[in-house]
Amino acid sequence: EAQVTQNPRYLITVTGKKLTVTCSQNMNHEYMSWYRQDPGLGLRQIYYSMNVEVTDKGDVPEGYKVSRKEKRNFPLILESPSPNQTSLYFCASSSVGTQGNEQYFGPGTRLTVT
Amino acid sequence: AQSVTQLDSQVPVFEEAPVELRCNYSSSVSVYLFWYVQYPNQGLQLLLKYLSGSTLVKGINGFEAEFNKSQTSFHLRKPSVHISDTAEYFCAVKPRAAGNKLTFGGGTRVLVKP
């Protein structure tokens with residue numbers, strides 16, 4: 001089954017404790033992206049990657065890091081989480097080069113930073 | 001840059017009644033348009049998309065949307081809703097020229113009442 005998986009689905013942590021949210025896709029997609037969803041703001045892009053070893057900032061990159069060492073994986077790293085990073089996070093992937101190609105989303109990770 | 005405005009944050013509607021969710025966008029370049037749905041505790045899935053051609057687009061689960069270039073709108077409609085349509089709906093745009101970045105609206109929460 002074609003899918004994007006994220007782990008963990010729920011995470012409660014404390015300020016300053018480094019964490020990683022994993023994302024993996026099995027569709028051989030070149031493009032992967034992280035979004036955060038906040039009430040009334042929709043989804044905002046954090047970082048994206050056009051292919052292995054190619055990453056770039058989205059609209060709200062502050063406080064986050066990513067890496068793309070393998071095509072299927074795109075982890076999101078919070079080196080020193082703060083309460084304003086409490087949010088619902090989605091990973092997405094898509095192919096490139098096809099006009100209007102659909103992005104496929106993971107199930108989401110709900111993060112609470114206290 | 002692009003921006004997307006969903007004019008209603010919440011839409012209560014009775015079962016079997018019609019519903020319309022409004023979406024307006026602003027962009028200096030030509031865009032593709034999408035509607036995604038997010039059911040409770042799930043990721044986003046594509047309802048429909050407009051790439052070119054007929055301005056009336058039909059999607060899954062009986063939804064349709066009409067692209068209006070002069071009004072820069074892409075409103076979503078369903079003639080008769082079911083309880084199972086209770087979800088949050090997101091309008092999004094992506095530049096035609098290059099890149100995969102989706103810009104989302106703030107979302108419209110639809111609550112279908114029996």
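We name chains A, B, ... by the order of the sequence lines, and we start the count at 1 in each one. Please read all numbers here as calculations on a predicted model, not as lab measurements.
For B:Tyr50, no part sits under 4.5 Å from any heavy atom of chain A, backbone or side chain. Proximity to chain A is limited to the side chain of B:Glu88, based on heavy atoms less than 4.5 angstrom apart. Only the backbone of A:Leu41 comes within less than 4.5 Å of a heavy atom in chain B; its side chain stays farther off. Within the 4.5 angstrom heavy-atom criterion, atoms from both the backbone and the side chain of A:Gln103 approach chain B. Only the side chain of A:Tyr35 comes within less than 4.5 Å of a heavy atom in chain B; its backbone stays farther off. For chain A, the nearby part of B:Gln38 is the side chain; its heavy atoms alone come within less than 4.5 Å. Proximity to chain B (any heavy atom under 4.5 Å) is shown, for A:Gln6, by neither the backbone nor the side chain. For A:Arg44, no part sits under 4.5 Å from any heavy atom of chain B, backbone or side chain.
Salt bridge absent: B:Asp8 and B:Arg109 never bring a charged side-chain N and a carboxylate O closer than 4.0 Å.
The backbone N or O of B:Gln71 lies less than 3.5 Å from a partner atom in the side chain of B:Asn68, making a donor-acceptor pair.
Ranked by heavy-atom pairs under 4.5 Å with chain B, the list A:Asp59, A:Asp38, A:Leu43 is led by A:Leu43.
Rounding to the nearest 0.5 Å places CG of B:Leu102 at 8.0 Å from OG of A:Ser33. Here the CD-CG distance, from A:Gln3 to A:Asn26, works out to 5.5 Å after rounding to the nearest 0.5 Å. Within the model, atoms CG of B:Asn61 and NZ of B:Lys78 stand 5.5 Å from one another, a figure rounded to the nearest 0.5 Å. Separation of atoms CG (A:Leu111) and CG (A:Leu11) is listed at 5.5 Å; rounding is to 0.5 Å.
In this structure B:Glu64 satisfies the salt bridge (Lys or Arg N to Asp or Glu O under 4.0 Å) test together with B:Lys58, sequence neighbours excluded.
Side-chain rings of B:Phe90 and B:Phe34 stay apart, their centers remaining 6.0 Å or farther from each other.
Below 4.5 Å, heavy atoms of chain B meet heavy atoms from A:Leu88, A:Phe90, all part of residues 67-91 of chain A.
The number of heavy-atom neighbours closer than 6.0 Å to CZ of B:Arg77, taken from other residues, nucleotides and ligands shown, is above 12.
Between A:Val4 and A:Cys23, the shortest heavy-atom contact is CG1-SG, 3.8 Å.
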